[in-house]
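Note sheet for the following structure.
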Amino acid sequence: MLFIGIDLGTSAVKILLMDEKGKIHNIVSLEYPLYFPHTGWSEQNPKDWYEKTIEGIKKLTEDFDKSQVAGISFGGQMHGLVVLDENDCVIRPAILWNDGRTTKETNYLNDVIGKDKLSQYTANIAFAGFTAPKILWMKNNEPENYERIAKIMLPKDYLAYRLSGVHCTDYSDASGMLLLDVKHKCWSKEMMEICGVSECQLPKLYESYEVVGTLKADVAKELGLSEQVKIIAGAGDNAAAAVGTGTVGEGMCNISLGTSGTIFISSKSFGVDENNALHSFDHADGYYHLMGCMLSAASCNKWWMDEILQTKDYGKEQEGIVKLGENHVFYLPYLMGERSPHNDPKARATFIGMTMDTTREEMTQAVLEGVAFGLRDSLEVARSLGIKIERTKICGGGAKSPLWKKIIANVMNLKVDVIESEEGPGYGGAMLAAVGCGVFESVEEAAKKLVKVVDTVEPCPELVEKYEKQYRKFARIYPTVKELFPVIE
């Protein structure tokens, strides 16, 4: 049997073909546009997702026995608001996870409704990127569109709907909407009332490994696949990436260096950070996880390389970086504002510490280190809760850099395990499809049998000590300058 994992990212859809032994036979990636209608806004057209996904599946399977494809599942960008009318037509472009327009609505939820109540209802507080503030923004700013809403969906679930005809979501992705009672795995009546939506407007809830339906006849015909191909619910990108790296069960950790950056800690028990600096979400394995999410990670390096240095040779730019732990330049990685742990959509990226002899390499190093320091901010919160982490898996585009992995290991003082497949959400999606099709009894079993560690980056005590001092300096910068960000908007 063959399984398709669809990673619906912010810049592209990456689709992979995996067999039941975990071997990846093919990967196809297709890009689509990202729109910024105003400063701090971020949107995409769901039609682009679907068209590129169909095109990608055709390319993916063209040289393979299509009759062997048994299941399709997903890992998708989280929090995005997709709204459909009564005819299941998209009402407006999707408002994405890294969109910062909802400051007013986020403040209303946190300050008027109150963080304590939000945490009671959903196990989380409001962040600008979450879905519920976007719904309130539509209510306040696009009332005519708001009144037309018949269905509220998340990005990957729109794909699942177009493939199966079923309005569905999974618990891990729904956890990031601020509409789900995470502990009890049901829609929060209080949050639906606050947002003015009904349960019939929300999709049906599934575990990530559950079958939601089969391929629609017309889609199956277009793709040349069987109508019996199962569509499995899938997971939010970080939960899917965690599955793909074997970060399931109790006390496992994964760091993702994608467009956004996350530190993901799996648990079999429900738990909440009392300050809500970390997200408390359901996991794709049927249990729970804590997650710190920074909005700009590998995208910081992409911006620095593509837009400022105007080069695509990322590796060459890192060759001259040798003085780790000794940089005088620091970088705040807040290109799109920041989520964990600061919850500040007005925060902005900042270089500090340059002198006349500052080099190109030092600036590049500062970008890589700034992302690592930002992730450590969330790790510090986890440690304050008594969570002891000694090692982590790593995935995402940034994980392809040996230098960045070394920086992460020493900034975090963690052993960094590199796995055979660094495909993250797509691989996790294919694994969930295999579980849904009955190849494995559980997500944990699939992870144990399919995920293989091929290398470990060990922290160096001398470097750890140097980076400890550097991190303490970094940690003072944001509190010092945060009052400036609203002034310079």
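Counting from 1, the numbers follow the sequence of the chain as shown.
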task: Output yes when Arg391 and Asp417 qualify as a salt bridge under the 4.0 Å nitrogen-oxygen rule, no when they do not.
output: yes
task: Consider only side-chain N and O atoms of Ser188 and Asp181, and report whether a donor and an acceptor are under 3.5 Å apart.
output: no
query: Does a donor on one side chain sit under 3.5 Å from an acceptor on the other, for Thr122 and Asn124?
result: no
task: Look at the aromatic rings of Phe281 and His279 and report parallel, tilted or perpendicular, splitting at 30° and 60°.
output: parallel
task: With the side chain counted from C-beta on, respond yes when Leu16 and Tyr427 share a heavy-atom pair under 4.5 Å apart, and no when they do not.
output: yes
query: Does atom NZ of Lys66 have more than 12 heavy-atom neighbours from other groups under 6.0 Å away?
result: yes
- prompt: Is there a donor-acceptor contact under 3.5 Å from the side chain of Ser299 to the main chain of Thr259?
  reply: yes
query: If only atom types and distance count, is the side chain of Lys415 paired as donor or acceptor with the main-chain N or O of Glu458 below 3.5 Å?
result: no
- prompt: Would a 4.5 Å heavy-atom cut-off, applied to side chains only, mark Leu257 and Val371 as touching?
  reply: yes
Electrostatic pair Lys134-Asp99, nearest N-O below 4.0 angstrom: no
message: For Ile24 and Leu17: C-alpha separation, side-chain torsions, deciding distance, then whether side chain to side chain contact (heavy atoms under 4.5 Å, CB included) applies.
response: CA-CA 6 Å; Ile24 298 173; Leu17 192 66; over 6 Å; no
message: Distance check, rounded to the nearest 0.5 Å: Arg339 atom CZ versus Asn343 atom CG?
response: 9.0 Å
field: Distance in Å, Ile72 CD1 paired with Leu215 CG, rounded so as to fall on 0.5 Å steps
entry: 5.0 Å
message: Whether the Asn98 and Ser42 side chains hold a donor-acceptor pair (N or O, under 3.5 Å, no angle test) is what I'd like checked.
response: yes
- request: Would you tell me whether Tyr158 and Asp88 have side-chain atoms, one donor and one acceptor, within less than 3.5 Å of each other?
  value: no
- prompt: Does the side chain of Thr10 come under 3.5 Å of the side chain of Trp97 through a donor N or O and an acceptor N or O?
  reply: yes
- request: Indicate whether any N or O donor in one side chain lies under 3.5 Å from an N or O acceptor in the other, for Asp65 and Ser67.
  value: yes
message: Applying side-chain hydrogen bond (donor to acceptor under 3.5 Å, both in side chains) to Ser401 and Gln318, what does each step give before you reach the verdict?
response: CA-CA 9 Å; Ser401 163; Gln318 296 177 16; 2.7 Å; yes
- request: Indicate whether the side chain of Ser267 and that of Ser269 have a donor and an acceptor atom separated by less than 3.5 Å.
  value: no
task: Please work out whether the ring planes of His289 and Phe264 are parallel, tilted or perpendicular, with thresholds of 30° and 60°.
output: parallel
Under 3.5 Å: donor-acceptor pair, side chain of Lys151, backbone of Cys200: yes
- prompt: Can a salt bridge be assigned to the pair Glu222 and Lys58 using a cut-off of 4.0 Å between side-chain N and carboxylate O?
  reply: yes
message: Closer than 4.0 angstrom, basic N to acidic O: yes or no for Lys21 and Asp19?
response: no
message: Please check this pair: side chain of Thr131 against backbone of His79, looking for a donor-acceptor N/O pair closer than 3.5 Å.
response: yes
query: With distance as the sole test, does Asp273 use its side chain to make a donor-acceptor pair with the main-chain N or O of Leu278 at under 3.5 Å?
result: yes
query: Hey, does the side chain of Ser172 reach the backbone of His283 with a donor-acceptor pair shorter than 3.5 angstrom?
result: no
message: Using 0.5 Å steps for rounding, measure from the OH atom of Tyr50 to the CG atom of Leu8.
response: 13.5 Å
query: Between the main-chain N or O of Met1 and the side-chain N or O of Glu20, is there a donor-acceptor pair closer than 3.5 Å?
result: yes
query: Counting only N and O atoms by type, is there a donor-acceptor contact under 3.5 Å from the side chain of Glu199 to the main-chain atoms of Trp187?
result: no
query: Does a side-chain heavy-atom distance below 4.5 Å link Leu202 with Leu179?
result: yes
- prompt: Using a distance-only test with no angle check, is there a side-chain donor-acceptor pair under 3.5 angstrom linking Ser442 and Glu444?
  reply: no
Distance-only polar pair, side chains of Gln77 and Gln44, donor-acceptor under 3.5 Å: yes
field: Intermediate values then yes/no, side chain to side chain contact (heavy atoms under 4.5 Å, CB included), Leu163 and Ile54
entry: CA-CA 9 Å; Leu163 295 177; Ile54 293 297; 4.1 Å; yes
message: Check this for me: does any side-chain nitrogen of one of Lys52 and Glu31 sit under 4.0 Å from a carboxylate oxygen of the other?
response: no
SB check Lys59 Glu55 (cutoff 4.0 Å): yes
message: If you count every heavy atom of other residues, nucleotides or ligands that lies below 6.0 Å from Lys449 atom NZ, does the total exceed 12?
response: no
- prompt: Taking Ser73 for the side chain and Ile232 for the main chain, is one N or O donor matched with an acceptor at less than 3.5 Å?
  reply: yes
- prompt: Side-chain donor-acceptor pair under 3.5 Å between Glu250 and Ser266, yes or no?
  reply: no
message: Between Ile15 and Asp7, is there a side-chain heavy-atom distance shorter than 4.5 Å?
response: no
query: Taking it one step at a time, do Lys185 and Glu207 satisfy salt bridge (charged side-chain N to carboxylate O under 4.0 Å, His left out)?
result: CA-CA 10 Å; Lys185 293 191 171 183; Glu207 293 287 1; 2.9 Å; yes
task: Check the surroundings of atom NZ in Lys405: do more than 12 heavy atoms from other residues, nucleotides or ligands lie under 6.0 Å from it?
output: yes
message: Looking at Lys406, I'd like to know if its NZ atom is crowded, meaning that more than 12 non-hydrogen atoms belonging to other residues, nucleotides or ligands lie closer than 6.0 Å.
response: no
- prompt: Under 6.0 Å from the CD atom of Glu445, do we count more than 12 heavy atoms belonging to anything else shown?
  reply: yes
field: Side-chain touch Asn45/Pro33, heavy atoms, less than 4.5 angstrom
entry: no
field: Side chains of Met412 and Phe373 in contact at under 4.5 Å (non-hydrogen atoms)
entry: no
task: Show the numbers, then the answer: is there a salt bridge (charged side-chain N to carboxylate O under 4.0 Å, His left out) between Arg376 and Glu380?
output: CA-CA 6 Å; Arg376 177 160 170 186; Glu380 289 297 301; 3.0 Å; yes
- request: Could you check if a side-chain atom of Leu84 sits within less than 4.5 angstrom of a side-chain atom of Val82, using non-hydrogen atoms only?
  value: yes
task: Test side chain to side chain contact (heavy atoms under 4.5 Å, CB included) on Thr214 and Ser164 and set out the steps.
output: CA-CA 6 Å; Thr214 55; Ser164 70; over 6 Å; no
pair Leu225-Ile57: side-chain heavy atoms closer than 4.5 Å: yes
Derivation and outcome, salt bridge (charged side-chain N to carboxylate O under 4.0 Å, His left out), residues Arg101 and Glu43: CA-CA 11 Å; Arg101 76 184 71 184; Glu43 297 183 348; 2.8 Å; yes
task: State plainly whether the residues Arg92 and Glu142 are in salt-bridge range, i.e. N to O under 4.0 Å.
output: yes
- request: Taking Ser280 for its side chain and Gly271 for its backbone only, find out whether a donor-acceptor pair lies under 3.5 Å.
  value: yes
- request: Take Asn254 and Cys395 through the side chain to side chain contact (heavy atoms under 4.5 Å, CB included) test and state the conclusion after the steps.
  value: CA-CA 8 Å; Asn254 181 57; Cys395 68; 3.5 Å; yes
- request: Check step by step if salt bridge (charged side-chain N to carboxylate O under 4.0 Å, His left out) holds for Asp170 and Lys156.
  value: CA-CA 10 Å; Asp170 79 290; Lys156 78 171 192 332; 2.8 Å; yes
